[in-house]
Peer 1: 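Below is the structure I would like to discuss, written out as structure tokens.
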Amino acid sequence: IIATISILRKVENILHVHVVCHDLSSQIRTKMQSIFDAETTHNQQVTLYDFDWHDQLTWLLWKSHVTKAAYIRLFFPNFFQHLESIIYMDADMLVVWDISQHLQWENDYLIAAVPEPRLAPLYNSLHHLQLGSHQTFNSGFLQLNLAKIRETQLFERVRKWLQENMQNVVHCDQDWLNCVLQWSFS
């Protein structure tokens with residue numbers, strides 16, 4: 001809720017925030033929607049979605065420290081068929097300035113991400129992930145070109161990689177996104 005409110009308070013342009021949830025009771029859903037409605041202005045909208053985890057994620061082997069929510073973005077291209085691109089933010093992020101300027105970007109990239117050079121030494125020590133020396137990025141704030149991701153079937157490749165390498169995943173989405181997307185982000 002705090003991440004969404006921080007977006008609504010900082011972005012001044014037309015904005016539609018899509019909040020994807022799971023297993024929400026109707027009471028909590030109603031409370032969340034009333035909080036969002038109180039925070040939105042005339043040019044903002046918040047839509048809550050329920051994602052059916054059980055049918056979509058049965059093939060994954062769960063590790064105790066990994067939540068199912070970490071895998072949700074693998075389904076965004078199909079879940080949001082009506083959208084060309086989105087900004088994905090982890091629920092624990094806060095927006096401290098207007099991010100709408102980042103909505104305009106070059107369409108050549110599949111993903112725009114924040115570089116995370118602190119991860120490179122870690123990944124270079126994890127030879128089983130086969131990252132080589134490529135630049136690493138943080139998976140908590142991503143701009144996803146959903147049209148290109150659908151076109152290239154990128155997330156299908158990610159799901160395949162996960163099925164083959166899940167036993168080697170240590171840092172959840174950081175691992176699988178960095179491994180599959182080597183050099184494919186801006």
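All residue numbers in this chain count up from 1 along the given sequence.
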Peer 1: Roughly how far, to the nearest 0.5 Å, is CD1 of I7 from CG of D98?
Peer 2: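 With rounding to 0.5 Å, CG (D98) is 11.0 Å from CD1 (I7).
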Peer 1: Working to the nearest 0.5 Å, report the span between CG of L162 and CG of L74.
Peer 2: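 Reported to 0.5 Å precision, the distance equals 6.5 Å.
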Peer 1: Could you pull out all residues at least two apart from E151 that satisfy salt bridge (charged side-chain N to carboxylate O under 4.0 Å, His left out)?
Peer 2: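 Salt bridge (charged side-chain N to carboxylate O under 4.0 Å, His left out) check on E151 returns nothing, list empty.
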Peer 1: Measuring from I35:CD1 to L8:CG, what's the distance to the nearest 0.5 Å?
Peer 2: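 Between atom CD1 of I35 and atom CG of L8 there are 11.5 Å.
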Peer 1: Test of understanding: with ring pair (Phe, Tyr, Trp, His ring centres under 6.0 Å), list the residues that count as partners of F155, not counting sequence neighbours.
Peer 2: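 Residues passing ring pair (Phe, Tyr, Trp, His ring centres under 6.0 Å) with F155: none at all.
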Peer 1: Not counting sequence neighbours, which residues clear salt bridge (charged side-chain N to carboxylate O under 4.0 Å, His left out) with R9? List them please.
Peer 2: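 Salt bridge (charged side-chain N to carboxylate O under 4.0 Å, His left out) list for R9, sorted by chain: E39.
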Peer 1: Residues in side chain to side chain contact (heavy atoms under 4.5 Å, CB included) with E164, at least two apart?
Peer 2: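 With sequence neighbours excluded, E164 shows a side chain to side chain contact (heavy atoms under 4.5 Å, CB included) to K160, given in chain and number order.
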Peer 1: Under 4.5 Å between any side-chain heavy atoms of E156 and W161, yes or no?
Peer 2: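 SC-SC contact between E156 and W161 ruled out.
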Peer 1: What residues form a side-chain hydrogen bond (donor to acceptor under 3.5 Å, both in side chains) with T41, not counting sequence neighbours?
Peer 2: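 side-chain hydrogen bond (donor to acceptor under 3.5 Å, both in side chains) check on T41 returns N43, Q44.
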Peer 1: Among all residues two or more places apart in sequence or in another chain, which pass the side-chain hydrogen bond (donor to acceptor under 3.5 Å, both in side chains) test with Q81?
Peer 2: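 Partners of Q81 under the side-chain hydrogen bond (donor to acceptor under 3.5 Å, both in side chains) test: N78.
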Peer 1: Hey, does the side chain of N145 reach the backbone of I111 with a donor-acceptor pair shorter than 3.5 angstrom?
Peer 2: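 The answer is no, because no donor-acceptor pair under 3.5 Å joins these two groups.
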Peer 1: Can you list the residues that meet the side chain to side chain contact (heavy atoms under 4.5 Å, CB included) rule with S25, with sequence neighbours excluded?
Peer 2: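 With neighbours one apart ignored, the set is Q27, I28.
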Peer 1: Mind checking side-chain hydrogen bond (donor to acceptor under 3.5 Å, both in side chains) for D37 and listing every partner two or more places apart, or none if nothing turns up?
Peer 2: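 For D37, the residues satisfying side-chain hydrogen bond (donor to acceptor under 3.5 Å, both in side chains) (neighbours in sequence not counted) are Q33.
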Peer 1: Is the shortest heavy-atom distance from the side chain of R29 to the side chain of L48 under 4.5 Å?
Peer 2: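 Touching, per the 4.5 Å side-chain cut-off.
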Peer 1: My understanding is that only residues two or more places apart in sequence, or in another chain, count here; which of them pass side chain to side chain contact (heavy atoms under 4.5 Å, CB included) with F76?
Peer 2: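 Here the qualifying residues are V20, I72, R73, F80, I86, Y88, L144, L146.
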Peer 1: Could you tell me the separation between the CE atom of M32 and the CD1 atom of I1, rounded to the nearest 0.5 Å?
Peer 2: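 Going from the CE atom of M32 to the CD1 atom of I1 covers 4.5 Å.
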Peer 1: Considering all heavy atoms of both residues, which atom of M89 and which atom of M93 are nearest to each other, and what is their separation?
Peer 2: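 In terms of heavy atoms, the two residues are closest at CE-CB, 3.8 Å.
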Peer 1: Do the ring planes of F79 and Y49 sit parallel (below 30°), tilted (30 to 60°) or perpendicular (above 60°)?
Peer 2: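 Perpendicular: the ring planes of F79 and Y49 meet at over 60°.
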Peer 1: Taking all heavy atoms of P77 and all of R150, pick out the closest pair and write down the distance.
Peer 2: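 Here P77 and R150 meet closest at O-NH1, 2.6 Å.
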Peer 1: Of all residues at least two apart in sequence or in a different chain, which pass the side chain to side chain contact (heavy atoms under 4.5 Å, CB included) check with S6?
Peer 2: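 Only L94, V95 meet the side chain to side chain contact (heavy atoms under 4.5 Å, CB included) criterion with S6.
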Peer 1: For the pair D90 (side chain) and D92 (backbone), establish whether a donor and an acceptor sit closer than 3.5 Å, ignoring hydrogens and angles.
Peer 2: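 Looks like no, no N/O pair under 3.5 Å.
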Peer 1: Can you tell me how far the CG atom of D50 sits from the OG atom of S26, to the nearest 0.5 Å?
Peer 2: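 Those atoms lie 10.5 Å apart.
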Peer 1: Which atoms form the tightest heavy-atom contact between A113 and L142, and what is the distance?
Peer 2: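 That closest heavy-atom pairing would be CB-CD2, 3.6 Å.
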Peer 1: Distance from I87 atom CD1 to Q143 atom CD, nearest 0.5 Å?
Peer 2: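 Output value for this atom pair is 4.5 Å.
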Peer 1: Of all heavy-atom pairs between A3 and A91, which one has the smallest distance, and what is that distance?
Peer 2: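 Nearest pair, atom of A3 first, then A91: CB-O, 3.4 Å.
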Peer 1: List the steps, then state whether side chain to side chain contact (heavy atoms under 4.5 Å, CB included) holds for H18 with V46.
Peer 2: CA-CA 6 Å; H18 304 271; V46 177; over 6 Å; no
Peer 1: With a 4.5 Å cut-off on side-chain heavy atoms, are T47 and H16 touching?
Peer 2: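 Contact flag for H16/T47 side chains = yes.
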